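Notes to accompany the following structure.
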Amino acid sequence: LESAYGSAQRKKRLKVLINPFGGKGSASNLYKTYAAPILAAACCQVDVQTTEYRGHAIEIAEHLDLDAYDAIICCSGDGLPYEVFNGLGKRPNGREALAKMAVALLPCGSGNGMTWNCLGTESVSVASLAIVKALRTPLDLVSVTQKNSRTLSFLSQSFGIIADSDLGTDNVRWMGAQRFTYGFLVRLMQRTIYPCDLAIKVEMNDKKAIKDHYRTYASQEYDPLAERIRLEATSQSPALPELEYGTVEDELPKDWEVVPGQNMGNFYSGNMAIMSKDTNFFPASLPNDGLMDIVTIDGTVSRTTSLKMMTEIPAGRFFDMPDVAIRKARAFRLVPHDKDGYISIDGEKVPFEAFQCEIHQGLGTVLSK
Ligand code: ADP
Ligand code: MG
């Protein structure tokens with residue numbers, strides 16, 4: 001992330017959470033071997049806890065003494081940071097808690113998007129050093145509503161072939177990150193249409209305008225610290241911001257663009273640029289511009305084109321392909337037509353039912369190089 005602020009805090013006080021089931025199950029060893037010595041050498045104060053069940057990190061973050069730590073470090077994949085943001089958000093002073101407590105990921109899972117984006121590496125030792133030197137940075141977070149539940153997402157929301165490749169491959173965890181590619185190829189050979197209703201509160205849909213926005217925002221003129229101060233001054237409540245567009249249960253706002261979804265192949269909304277190694281899926285994504293980047297691709301494109309899309313991602317040529325639609329948006333609603341399937345929020349499976357998302361500018365805080 002380009003827009004970190006302040007000077008790096010020395011001797012950080014860290015709450016370290018270890019997911020014993022992340023990735024290939026070696027988070028604890030990775031932490032002890034590659035992270036602990038570096039954090040010790042940097043005089044960080046560490047308090048290590050292993051998560052005991054799914055959802056445990058939500059509870060830990062919800063009840064943690066916010067004055068006793070500077071950051072929560074997850075040794076896992078993107079699943080634990082997702083829980084941590086949600087735990088912080090569940091507190092009565094959710095907005096304050098998310099502004100105060102920084103979150104970082106030591107890459108020990110199969111999907112380590114957060115580390116790629118914030119620390120630029122997949123090496124646990126390099127990431128540890130980056131955490132020692134890192135700065136606090138505001139990060140946009142997305143509210144997701146389904147029926148009457150509300151959760152927070154920091155990385156991505158997907159429906160279609162990517163959600164399927166991600167969540168439908170739990171049986172081949174031993175493959176590590178390769179399971180996503182494997183899942184994608186298997187699905188490409190089987191079925192590629194995922195019908196849905198889709199409506200988007202669009203901010204920009206022209207690729208040139210999106211690139212210009214990216215250049216302006218990523219330039220020096222933007223000052224994230226001033227931005228955070230402005231946001232804090234304008235919001236009156238210490239609690240989570242209210243939903244500007246209501247929930248998925250409310251009537252659809254009139255000014256949203258209705259996007260044909262009968263032939264949807266891939267719906268992918270990103271809050272950070274890089275989703276996994278060599279996958280800069282949202283090259284125009286910015287950490288705190290208050291906008292999500294939404295990619296939609298028809299499932300009727302040929303298999304050859306789909307494969308080409310995949311191979312063009314590392315070189316960044318994916319963005320300009322004519323079959324790839326990209327929008328910057330403030331909110332969207334997606335209603336699946338099928339009875340079962342997968343919806344992925346930050347790589348976690350959520351119920352296969354209508355969901356609505358809206359973004360909150362700079363609501364969360366990460367450690368970034
Ligand atoms: P990966 O990238 O390999 O999926 P994650 O760290 O994202 O790894 O974790 C995967 C899932 O493991 C998350 O949904 C998280 O809630 C869950 N989890 C965390 N701790 C435990 C535990 N002790 N037992 C079972 N599941 C856990
Ligand atoms: Mg953004």
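One-based numbering, in listed order, for ligands and for the atoms of each. For this chain, numbers begin at 1 and follow the sequence in order. Quantities reported herein were computed from a predicted structural model and do not represent experimental measurements.
- For the pair Glu96 and Lys100, the salt-bridge criterion is not met [side-chain N within less than 4.0 Å of a carboxylate O].
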Steps toward ring pair (Phe, Tyr, Trp, His ring centres under 6.0 Å) verdict (Phe282, Phe318): CA-CA 9 Å; Phe282 303 98; Phe318 170 78; 8.2 Å; no
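- With ligand atoms numbered from 1 in the order given, ligand 1 contributes 3 (O), 8 (O) to contacts under 4.0 Å with heavy atoms of Gly22.
- At a heavy-atom distance under 4.0 Å, no atom of Tyr82 approaches ligand 1.
- Checked for salt-bridge contact, Arg333 and Glu249 miss the test: no charged N lies under 4.0 Å from a carboxylate O.
- When heavy-atom distances to ligand 1 are checked against a 4.0 Å cut-off, Pro20 comes that close only through its side chain, counted from C-beta outward.
- The single protein non-hydrogen atom nearest to atom 25 (C) of ligand 1 is Phe21 CD1, 3.6 Å, given as residue, atom name and distance.
- Among protein heavy atoms, atom 4 (O) of ligand 1 sits closest to Arg173 NH2, 3.1 Å.
- Listed by atom number, the atoms of ligand 1 under 4.0 Å from Glu52 heavy atoms are 22 (C), 23 (N).
- A 6.0 Å sphere centred on NZ of Lys207 holds more than 12 heavy atoms belonging to other residues, nucleotides or ligands.
- From the protein, the heavy atom lying nearest to atom 26 (N) of ligand 1 is Arg54 N, 3.8 Å.
- Proximity of His56 to ligand 1, defined as any heavy-atom pair under 4.0 Å, is not found for any part of the residue.
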Worked check of side chain to side chain contact (heavy atoms under 4.5 Å, CB included) between Leu240 and Leu363: CA-CA 9 Å; Leu240 273 192; Leu363 179 64; 4.0 Å; yes
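- When the options Asp212, Asp289, Leu291 are evaluated for a side chain to side chain contact (heavy atoms under 4.5 Å, CB included) with Tyr217, the one that passes is Asp289.
- For atom 2 (O) of ligand 1, the closest non-hydrogen atom of the protein is Ser110 N, 2.9 Å.
- Listed by chain and number, the residues in a side-chain contact (heavy atoms from CB on, under 4.5 Å) with Ala104 are Ile73, Ile131, Leu367 (sequence neighbours excluded).
- The ligand atoms of ligand 1 that sit less than 4.0 angstrom from a heavy atom of Asp78 are 7 (O).
- Close approach of ligand 1 to Glu83 is summarised as follows: ligand atoms under 4.0 Å from at least one heavy atom of the residue are 15 (C), 16 (O).
- For atom 7 (O) of ligand 1, the closest non-hydrogen atom on the protein side is Gly79 N, 2.7 Å.
- Protein heavy atom at the shortest distance from atom 21 (C) of ligand 1 is Asn19 OD1, 3.5 Å.
- Taking 4.0 Å as the cut-off, Gly111 counts as a neighbour of ligand 1 on heavy-atom distance.
- Considering only non-hydrogen protein atoms, atom 23 (N) of ligand 1 sits nearest to Thr51 O, 2.7 Å.
- Checking Ser125 against Ser128 by side-chain atom types alone, no donor-acceptor pair falls below 3.5 Å.
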Stepwise side chain to side chain contact (heavy atoms under 4.5 Å, CB included) check, Phe332 with Arg327: CA-CA 11 Å; Phe332 69 85; Arg327 295 171 177 85; over 6 Å; no
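- Between Val350 and Tyr82, the shortest heavy-atom contact is CG1-OH, 4.5 Å.
- At a heavy-atom cutoff of 4.0 Å, ligand 1 is contacted by no atom of Thr50, backbone or side chain.
- Remark: Leu167 pairs with Tyr342, Ser344, Lys349 by the side-chain contact (heavy atoms from CB on, under 4.5 Å) rule, at least two apart or across chains.
- Numbered from 1 in the order shown, with element, the atoms of ligand 1 that lie under 4.0 Å from a heavy atom of Gly109 read 2 (O), 3 (O).
- Taking the charged nitrogens against the carboxylate oxygens, Asp47 and Lys15 do have a contact shorter than 4.0 Å, which makes a salt bridge.
- Within the set Gly113, Ser76, Gly23, Gly77, the minimum heavy-atom distance to atom 3 (O) of ligand 1 is found for Gly23.
- Ranking protein heavy atoms by distance to atom 14 (O) of ligand 1, first place goes to Glu348 OE1, 2.5 Å.
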